[in-house]
Amino acid sequence: MIDVYFAPTPNGVKIPIALEELGVPYRVVPVNLAREEQKQPAFLALNPNGRIPVIVDPDGPDGEPVSVFESGAILLYLAEKYSGLMPESPRERLRALEYLFFQIGGVGPMFGQAGWFMRQPERVAAGIDRYQAESRRLTGVLEARLQQAPWLAGSIFSVADIAHVGWLRVADYAGVRLEEFPAVRDWVSRILARPAVQRGLGAH
Ligand SMILES: N[C@@H](CCC(=O)N[C@@H](CS)C(=O)NCC(=O)O)C(=O)O
């Protein structure tokens, strides 16, 4: 069974959601971030970057155990191995990859920084302004896409949608008001209404 090294964070929840959507059994290995368990040698042996999520699959590509870190790499590994959560159409596959990497390189880090700056005891206006503005701008990019298509890849729910839901469902944390982005708000509601997503969000 796949072990998911997990904490209930925007990046952490991606993996149980994907596994639930794919119908793949898994076991959660809780990682206590406050106690810095992710910086211990045993964890660093799985992810030298010292962050969750990580998976360990006892049945890797060569039949031997394999670990995978970085949520985008994990999502693509699972989508390939279990042939799901990626469109079959080559054009939509490209769109799924674009928005997957858009989340990993844009939405995730910018929302994270915006939330961090907003919660510092000393107010650093330049940090708050910069990261909130960028988070809102990125949400505007999603809004434009979702006014054209029901899912980020196009017609199919994919890893690109899963990658985003952890942050977009708590957009307020980064100072992003979803009332200003109606297509994004509707899309988040549709994702959260999926039974597999609800099960994944309940992982612990
Ligand atoms: N790019 C990484 C980001 C992972 C990440 O930032 N994980 C956070 C939780 S959401 C974490 O482990 N934080 C603890 C730390 O930085 O020590 C990914 O997508 O997997």
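The structure displayed is predicted, hence computed values, not measured ones. Counting from 1, the numbers follow the sequence of the chain as shown. Whatever order the structure lists them in is the order used to number ligands and atoms, beginning at 1.
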Tell me whether ligand 1 is touched by K39 - counting only heavy atoms on the residue side and a distance under 4.0 Å.
yes
Salt-bridge present (D59, K81; N to O < 4.0 Å)
yes
Considering non-hydrogen atoms of the protein only, which is the closest contact for atom 20 (O) of ligand 1, and what is the distance?
S71 N, 2.8 Å
Flag the pair E92 and R95 as a salt bridge only when some basic side-chain nitrogen lies within less than 4.0 angstrom of an acidic carboxylate oxygen.
no
Nearest neighbour in protein (non-hydrogen) for atom 4 (C) of ligand 1
I52 O, 3.2 Å
How far is atom 10 (S) of ligand 1 from its nearest protein heavy atom, and which residue and atom name does that atom have?
T9 OG1, 3.0 Å
List every atom of ligand 1 that sits less than 4.0 Å from any heavy atom of P53, numbering the atoms from 1 in the order shown and giving each element.
20 (O)
Residues R194, E21: salt bridge by 4.0 Å N-O rule:
yes
Does the side chain of V197 reach to within under 4.5 Å of the side chain of L201, using non-hydrogen atoms?
yes
Please check if the number of heavy atoms outside E122 that lie under 6.0 Å from its CD is greater than 12.
no
Which segment of N11 sits under 4.0 Å of ligand 1 when only heavy atoms are counted
both
Candidates K14, M110, Q103 - the one meeting side-chain contact (heavy atoms from CB on, under 4.5 Å) with W167
Q103
Does a donor on one side chain sit under 3.5 Å from an acceptor on the other, for Y5 and Q38?
no
Among the heavy atoms of G72, does any lie under 4.0 Å from an atom of ligand 1?
no
Out of Q103, E70, Q38, indicate the one that has the non-hydrogen atom closest to atom 17 (O) of ligand 1.
Q38
Distance from atom 16 (O) of ligand 1 to nearest protein heavy atom, with residue and atom:
R51 NE, 3.0 Å
